[in-house]
Peer 1: 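Mind looking over this structure? Questions follow.
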Amino acid sequence: MAEFDLSATFIPSLHKPSSLLPIARHRQSLLYLIETYPVTIVVGQTGSGKTTQIPQYLEQAGWCAEGKIIAVTQPRRVAATTVAIRVAEEMDCKIGEEVGYSIRFEDVTSSKTRIKFLTDGLLLREALVDPLLSRYSVIMVDEAHERSLSTDVLLGVLKKILKKRRNDLRIIISSATLQAEEFLNFFAGDAEMQSNLKQEPQSAVTLDDLIAQGGQKPNPTSNEIGQIISLEGRTYPVDILYLENPAEDYVEKAVQTVFDIHTKEPDGDILVFLTGREEIDNAVQRISERAASLHPRAQALMALPLYAGLSTEQQMYVFEEAPENTRKVIFSTNIAEASITIDGIVYVVDTGFVKLRAFNPLTGIETLTATPVSKASATQRAGRAGRTRPGKCFRLYTEPNYQQLSESTIPEIQRSNLAPVILQLKALGIDNIVRFPFLTSPPSELIIRALEVLYSLGALDTYTKLTQPLGTRMAELAVEPMMAKTLLSSQTFGCVSEILTIAAMTSLGGTIWVPHDGEKKKMETARRKFAVEEGDHITLLNIYQAFITKGKKEARFCHDHYLNFKALTRAVSIRAQLKRYLERFGIPIPESLSSNPNLQPLSVGGPDKGEQIRRCLTTGYFAHAARMQPDGTFRNVAGGTVLYAHPSSLMFNRKAEWVVFHEVMEMGGKSYVRDVSRIEKGWLVEYAPEFYRFA
DNA sequence: GAGCACTGC
């Protein structure tokens, strides 16, 4: 047995010997359950060792016989790579040999690989090639409680696969919260029952029930399919404190609370949850101003921001130990709730809000709104205070407020644009979307809207079957359906190379530009150097061209032009991947773009090239068309919705008649369009005659 | 004149 192996003595001190992890005591029962039942639900607290140990137990127990592989999925890339590296160390092998990982653009596996960590999105892609995922003997879905879009789709697909591989596939669902029963019922129930299942009131299962159950007591409804096992974690108790009266301004209250902690509580760093960049910068500013009023010899207070929009270097500060006689306070978005773990946090201040994205199927507009957190989220945030020693969590709301919070956050699948999901399901051969076993069914409006969009793009026929070859190819391309359609039209317009670049650049989101401190004006000037009259898409093309000709080699280029080196490097990878797909489809790619060393933006290789590009964009983005009004705002084609050019768009201060845009998002009651380009009204009728009947 | 929570293929 590994527990008593001499080699355990020599494990680097960085890691606890695995025999000391709480999970070691459950090894036999875990292996028994996995051997006996198709599905095992593992409820594991933080630090239980489930992710690193279970795959090793399985490998030792013979689950990799006959060349079979154990897959462990993660919602995020960093988790997949770091856990893989750690397990490889524990098993004393080189990463990529017995233990490997696979994420987009990075496949570190070999024919020797027995344990493979990968993102759940990538495992779904594998199912396109191998529909029964037959290489795998065990598939462990980690962090399933986060209910990410691809985790939910994967669970439904796995349920279907299990029906055909009842004897040779084992599924392990690992979850940190108490949704265990829901996962088990999901695998136990028939597909047709699922839509009713979610209507039932949640059964009140406590942690004690689950621990007492210990996986041994058969569940009367689900004992055929699987069992639940609970693993204790290694966390410390956290005291929860509430406000007596609600706070009027939670940013101000958060700042005050930080000072109260600083002056009254013992040592230990503070983590404050706010909703976004603006609030965070504001709070950091207020702390710095007021820290001056602290007694000169008292302990100092150092405020640091943390959000995804910061550069990697700026994010690294939060991991550094505070200087002598200084307490660190980190103001963070939800990124610190699950994605980033900071050691040494003893106090958490939870404002109780988070910004959530949602998709309105009636307008097709995404919203980004500050929303009260769920109880599960509040619990997760509080837990961030007890990782190294007992901690305290200050909730900036009252206890009755807490009681009114919903149990868990609405899963993404119930609030997202489902066009990509449905296209993917169709490509997996799942034609009847309504009967697909969703863990929680999305509202039918979302499904209908997605089907309409896919039909209008020509990916689905009138029977909602995937079209050949267009629909199948769109599903294979790793971009959203509208851009996939644009890419597949580009051959006709003679602009394949240019659209490849535009597709890669738009999929970066808003991460192309990095403002340096207090130099916003200069960034605008830098941005204008790349600008062209036709709009944002061709501007993106110019930026990419400048990057590959200059920015990749000259270290200062990106810095001087306020460009994000990491993001642009990613664009290069995305473009290369998309190009490989097109080549596989037999689409020739003339790389005609001449290098453009003088940064003269207005020429895009011939007088008509720009027009061809914009015509091509219209074939995919006709549903995202709008008309400019005399006041500079836009109306969508139906006329009802007022759209504003996002300040990052060239169209923010230019005139145009008709435009298409990449995306639209509602923030603070206003809908902003991003990545906007001029088109002609006539093109809409020409390329989308069924969609636009006006003449 | 005014601004994007977080992931992923």
Peer 1: What is the distance from NZ of A/Lys355 to P of B/dA5, rounded to the nearest Å?
Peer 2: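 After rounding, the reported distance stands at 4 Å.
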
Peer 1: Nearest whole Å is fine: how far is B/dC4 C1' from A/Asp675 CG?
Peer 2: 13 Å

Peer 1: With the side chain of A/Arg77 defined as its heavy atoms from C-beta on, choose the nearest nucleotide among B/dC6, B/dG3, B/dG8.
Peer 2: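 Selected nucleotide: B/dG8.
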
Peer 1: In residues 666-675 of chain A, what donor-acceptor pairs under 3.5 Å come from side-chain atoms, sequence neighbours left out?
Peer 2:
| residue | atom | partner | partner atom | Å |
| --- | --- | --- | --- | --- |
| A/Arg674 | NE | A/Glu663 | OE2 | 3.4 |
| A/Arg674 | NH1 | A/His646 | ND1 | 3.4 |
| A/Arg674 | NH1 | A/His646 | NE2 | 3.1 |

Peer 1: Does A/Ser148 have a side-chain nitrogen or oxygen under 4.0 Å from the phosphate oxygens OP1 or OP2 of B/dG8?
Peer 2: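 Looking at the OP1 and OP2 atoms of B/dG8, neither is under 4.0 Å from any side-chain N or O of A/Ser148.
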
Peer 1: Whole-Å distance between B/dG8 P and A/Arg357 CZ?
Peer 2: 13 Å

Peer 1: Looking across every strand, which nucleic acid part, if any, lies under 4.0 Å from A/Tyr644 by heavy atom: base, sugar-phosphate, or nothing?
Peer 2: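 The residue A/Tyr644 makes no contact with any strand.
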
Peer 1: Scan A/Ile103 against the nucleic acid and name what it touches under 4.0 Å (heavy atoms): base, sugar-phosphate only, or nothing.
Peer 2: sugar-phosphate

Peer 1: With nearest nucleotide decided by heavy atoms, which residue, A/Thr333 or A/Thr119, maps closer to the 5′ end of DNA chain B?
Peer 2: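 By nearest-heavy-atom nucleotide position, the 5'-most residue is A/Thr333.
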
Peer 1: Kindly point out which of B/dG3, B/dC6, B/dG8 is positioned nearest to the side chain of A/Arg76?
Peer 2: B/dG8

Peer 1: Select base, sugar-phosphate, or nothing to describe what A/Arg415 touches, counting heavy atoms under 4.0 Å on all strands.
Peer 2: nothing

Peer 1: At under 4.0 Å, does any side-chain N or O of A/Tyr672 touch on OP1 or OP2 of B/dG3?
Peer 2: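 Yes, A/Tyr672 has a side-chain N/O under 4.0 Å of OP1/OP2 on B/dG3.
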
Peer 1: Going by modelled atom types, is there a donor-acceptor pair between the base of B/dC9 and the side chain of A/Arg125 at under 3.5 Å?
Peer 2: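 Under the 3.5 Å cut-off, the side chain and the base do form a donor-acceptor pair.
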
Peer 1: Could you give the CG-to-P distance, from A/Leu356 to B/dC4, as a whole number of Å?
Peer 2: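 Atom-to-atom, A/Leu356 to B/dC4, this comes out as 16 Å.
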
Peer 1: Of the listed nucleotides (B/dG8, B/dA5, B/dC6), which one gets closest to any side-chain atom of A/Ile335?
Peer 2: B/dC6

Peer 1: May I ask you to say what A/Asn653 touches in the nucleic acid, namely base, sugar-phosphate or nothing, with a heavy-atom cut-off under 4.0 Å?
Peer 2: base

Peer 1: Can you check whether A/Arg674 has a side-chain N or O nearer than 4.0 Å to OP1 or OP2 of B/dG3?
Peer 2: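 For B/dG3, OP1/OP2 do not have a side-chain N/O of A/Arg674 under 4.0 Å.
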
Peer 1: Whole-Å distance between B/dC9 P and A/Leu582 CG?
Peer 2: 19 Å

Peer 1: Got a salt bridge between A/Glu279 and A/Lys355, using NZ or NE/NH1/NH2 to carboxylate O under 4.0 Å?
Peer 2: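 Here A/Glu279 does not pair with A/Lys355 in a salt bridge, since their nearest N and O are not under 4.0 Å apart.
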
Peer 1: Tell me whether the NZ or CZ atom of A/Arg527 lies within the 45° cone about the ring axis of A/Tyr562 and under 6.0 Å from its centre.
Peer 2: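 Verdict for A/Tyr562: no cation-pi partner in A/Arg527.
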
Peer 1: Looking at A/Glu106 and A/Arg77, is there a salt bridge between them, counting it only when a charged N and a carboxylate O are closer than 4.0 Å?
Peer 2: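 Looking at A/Arg77 and A/Glu106, the cut-off is not met.
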
Peer 1: Could you give all pairs that pass the salt bridge (charged side-chain N to carboxylate O under 4.0 Å, His left out) test and reach residues 466-483 of chain A, with sequence neighbours left out?
Peer 2: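 Passing the test, one end in residues 466-483 of chain A: A/Glu476-A/Arg584.
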
Peer 1: Less than 4.0 Å between a side-chain N and a carboxylate O, is that true for A/Lys116 and A/Glu126?
Peer 2: yes

Peer 1: Ignoring the backbone of A/Pro647, work out which of B/dA2, B/dG8, B/dC4 is nearest its side chain.
Peer 2: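 Between B/dA2, B/dG8, B/dC4, the one nearest the side chain of A/Pro647 would be B/dA2.
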
Peer 1: Without decimals, in angstroms, what is the distance between A/Leu123 CG and B/dG8 P?
Peer 2: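 Taking atom P of B/dG8 as the reference, CG of A/Leu123 is at 15 Å.
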
Peer 1: Need one value for A/Glu143: base, sugar-phosphate or nothing, where a base atom within 4.0 Å counts as base even if backbone is also close, heavy atoms only.
Peer 2: nothing

Peer 1: Given B/dC6, B/dC9, B/dC4, which nucleotide is nearest the side-chain atoms of A/Leu368?
Peer 2: B/dC4

Peer 1: To the nearest Å, give me how far apart CE (A/Met667) and P (B/dC6) are.
Peer 2: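 These atoms are roughly 13 Å apart.
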
Peer 1: Please work out which of the three classes, parallel, tilted or perpendicular, describes the rings of A/Phe436 and A/Phe438, given edges at 30° and 60°.
Peer 2: perpendicular

Peer 1: When you measure from the side chain of A/Ser648, which nucleotide among B/dC6, B/dC4, B/dG3 comes out closest?
Peer 2: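 Shortest atom-to-atom distance from the side chain points to B/dG3.
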
Peer 1: Send over the distance from A/Tyr101 OH to B/dC9 P, rounded to a whole Å.
Peer 2: 12 Å

Peer 1: Nearest to the A/Leu122 side chain among B/dC9, B/dC4, B/dG3, which nucleotide is it?
Peer 2: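 Given the options B/dC9, B/dC4, B/dG3, the side chain of A/Leu122 is closest to B/dC9.
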
Peer 1: Is A/Ser150 close enough to B/dC9 that one of its side-chain N or O atoms is under 4.0 Å from OP1 or OP2 there?
Peer 2: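 Looking at the OP1 and OP2 atoms of B/dC9, neither is under 4.0 Å from any side-chain N or O of A/Ser150.
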
Peer 1: It should be established whether A/His646 places a side-chain nitrogen or oxygen under 4.0 Å from OP1 or OP2 of nucleotide B/dA2.
Peer 2: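 No.
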
Peer 1: Is any N or O donor-acceptor pair between the side chain of A/Glu480 and the base of B/dC9 shorter than 3.5 Å?
Peer 2: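 It does not, because no donor-acceptor pair links the side chain of A/Glu480 to the base of B/dC9 below 3.5 Å.
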
